[in-house]
Protein chains: 2
Amino acid sequence: MESLKVLVVDDEPNIRDLLSASLRFAGHQVLTSPNGTDAIAKIIDTQPDIVLLDVMLPDISGFGVTKKIRSMGIETPILFLTARDETEDKVTGLTVGGDDYVTKPFSLDEIVARISAIMRRTGKDSDGHSVIRVGELEMNEDAHEVTVKGEVVDLSPTEYQLLRYLASNPNRVLTKAQILDHVWEYDFNGEMGIVESYVSYLRKKLDPLSTEPLIVTKRGVGYLLKGPKG
Amino acid sequence: MESLKVLVVDDEPNIRDLLSASLRFAGHQVLTSPNGTDAIAKIIDTQPDIVLLDVMLPDISGFGVTKKIRSMGIETPILFLTARDETEDKVTGLTVGGDDYVTKPFSLDEIVARISAIMRRTGKDSDGHSVIRVGELEMNEDAHEVTVKGEVVDLSPTEYQLLRYLASNPNRVLTKAQILDHVWEYDFNGEMGIVESYVSYLRKKLDPLSTEPLIVTKRGVGYLLKGPKG
DNA sequence: GATTATTCTCAGGAATCTTCCAGATAGATA
DNA sequence: TATCTATCTGGAAGATTCCTGAGAATAATC
């Protein structure tokens with residue numbers, strides 16, 4: 001994906017920093033804003049490609065910000081961030097067009113993936129490759145479908161996200177800490193043993209279909225997904 | 001469908017913004033107008049392909065606008081927006097020719113579908129494919145008829161709209177929030193559980209006729225309609 | 001005005017998923 | 001080889017998500 005200009009709007013500095021770092025690493029240009037009024041100004045001023053917008057803001061709510069900018073004819077796609085227990089029902093009428101929303105707490109990889117999905121749908125992403133392909137493995141992001149040598153593999157949500165993270169970094173060792181940070185929610189409080197468990201789950205599902213093991217353990221370091229070359 | 005020039009006339013900014021965003025995403029060019037006099041001027045000036053016209057306007061009523069422009073020989077098709085409690089007789093007399101009307105509150109997908117229908121009827125849309133075909137499923141938009149392997153399936157209005165939304169995005173996961181925003185009315189204030197209910201209804205009607213389940217649940221993500229190939 | 005159809009909510013239960021634990025296994029080191 | 005450590009994996013509790021039937025409220029139809 002080409003570089004995008006992303007505006008992150010959230011009153012919690014932690015969330016802003018987390019998202020900024022993650023999105024910058026994904027190759028995007030990031031702007032941040034702590035409240036609604038400032039966000040509106042920045043949107044008008046800088047015309048970002050996409051806005052990550054917290055619904056709960058100190059001054060104007062995320063919904064208010066949306067209405068305001070839409071009334072000015074600005075069609076920038078928005079990815080809403082909402083608390084889980086909050087308003088799962090009040091999204092109606094807001095995810096117009098290509099918009100979407102994720103619930104807090106989210107995983108960083110989830111955000112990056114959703115941004116890609118939105119940009120693909122709005123057609124602003126030229127090389128919209130919705131398929132990740134590594135050797136015999138294929139992940140269709142639109143359909144959320146995984147195949148190995150054409151055979152469909154059924155994965156749970158976490159299994160899917162883990163595999164996507166590995167497949168996005170083929171032939172590269174990823175430490176358990178990195179995996180935990182990318183795949184699990186940012187407030188996850190558990191041990192790294194869970195990564196081992198999920199790698200095990202993936203192997204049990206993937207290896208019977210592949211000619212050689214896809215996920216390789218680098219003892220003392222981490223894991224990597226084996227690609228065709230390198 | 002090719003790109004259309006649409007004029008949205010409504011005094012409520014919210015409605016204008018909602019429709020603008022939705023129609024722009026559908027690939028149309030959108031102009032807006034807050035009242036009757038301005039609308040008449042814009043119609044003469046810009047010659048839109050279709051007009052979305054609120055009946056209740058602060059100055060001249062939607063009917064007045066219609067009479068005015070028709071008297072000038074402008075035959076642009078009109079889609080009236082009316083409040084539910086307004087008498088339907090009033091409207092029906094005026095929806096001559098290719099015109100149509102929807103009651104507020106409406107669902108965004110309904111509007112897009114009605115526009116397609118009008119353009120097909122008035123013959124201005126060349127490649128207007130009035131039949132959605134996904135695998136064994138066929139939806140005839142003109143006749144509002146659904147068949148699976150040739151067998152006719154009887155659907156309620158909401159069931160039909162849900163299926164149309166799914167069938168318009170085959171092999172693509174749609175979240176419950178997205179489904180709610182596209183299929184249900186924009187001021188719907190209910191839970192997402194209703195999407196589950198209607199998916200259940202659809203499955204009960206469709207699956208007995210199809211060789212394999214059409215609607216697939218992507219746990220933790222949403223639903224998708226399975227098409228013939230990847 | 002009565003009957004039927006539809007919409008929507010709710011709640012129990014089923015199915016699946018997440019997480020942790022502990023014993024088994026394999027690799028590294030002395 | 002013996003020992004230590006890291007990793008693997010099965011099991012199980014608990015949580016989450018999804019499905020579906022039942023019923024009330026509303027709208028459409030005759």
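Below, read A as the first sequence line, B as the second, and so on, with proteins coming before strands; counting in each chain starts at 1.
Residue pairs meeting the ring pair (Phe, Tyr, Trp, His ring centres under 6.0 Å) criterion with at least one member in residues 102-123 of chain B, sequence neighbours excluded, are Phe106(B)-Tyr186(B).
Residues Glu141(A) and Arg120(A) have side chains in contact (heavy-atom distance under 4.5 Å, counting atoms from C-beta outward).
dC8(D) atom C1' lies 8 Å from atom OH of Tyr223(A), rounded to whole Å. Atom CG in Leu162(A) sits about 12 Å away from atom P in dT19(C), given to the nearest Å. Ile179(B) has its CD1 atom 11 Å from the P atom of dC18(D), to the nearest Å. A straight line from NZ of Lys204(A) to C1' of dT25(C) spans 15 Å, rounded to a whole angstrom. When the P atom of dT18(C) is taken as reference, atom CD of Glu191(A) falls 19 Å away, rounded to whole Å. When the P atom of dC19(D) is taken as reference, atom CG of Leu202(B) falls 12 Å away, rounded to whole Å.
With no hydrogens or angles considered, a side-chain donor-acceptor pair links Arg203(B) and Thr217(B) at under 3.5 Å. Side chains of Tyr223(A) and Glu196(A): no donor on one and acceptor on the other come within 3.5 Å. Judged by distance alone, the side chains of Arg121(A) and Ser116(A) never bring a donor and an acceptor atom under 3.5 Å apart.
Across residues 211-218 of chain A, not one residue has a non-hydrogen atom less than 4.0 Å from an atom of DNA chain C.
Only one option out of Thr147(B), Thr211(B), Leu209(B) pairs with Glu136(B) in a side-chain contact (heavy atoms from CB on, under 4.5 Å); it is Thr211(B). The side-chain contact (heavy atoms from CB on, under 4.5 Å) with Val9(A) is formed by just one residue from the set Leu52(A), Leu57(A), Asp54(A), Ile15(A); it is Leu57(A).
Aromatic rings of Tyr165(B) and Trp184(B) (six-membered ring for Trp) have centroids beyond the 6.0 Å cut-off, not under it.
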With the criterion being N/O to N/O and under 3.5 Å, what pairs connect the protein with nucleotides 3-6 of chain D, and how long is each?
from: dT5(D); atom 1: O2; to: Arg219(A); atom 2: NH2; distance (Å): 3.0
from: dA6(D); atom 1: O4'; to: Arg219(A); atom 2: NH2; distance (Å): 3.1

Query raised in the report: Which letter, B, S or -, goes with each nucleotide of nucleotides 2-8 of chain C from 5' to 3', with contact meaning a protein heavy atom under 4.0 Å?
Result: ----SBB
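Applying the side-chain contact (heavy atoms from CB on, under 4.5 Å) rule to Pro208(B) yields no partners; only residues at least two apart in sequence or on another chain are considered. For Thr32(A), the side-chain contact (heavy atoms from CB on, under 4.5 Å) partners are Val8(A), Arg16(A), Ser20(A), Val30(A), not counting sequence neighbours.
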Query - Check against salt bridge (Lys or Arg N to Asp or Glu O under 4.0 Å), Arg164(B) and Glu159(B) - result: CA-CA 9 Å; Arg164(B) 180 178 52 205; Glu159(B) 287 165 359; over 6 Å; no
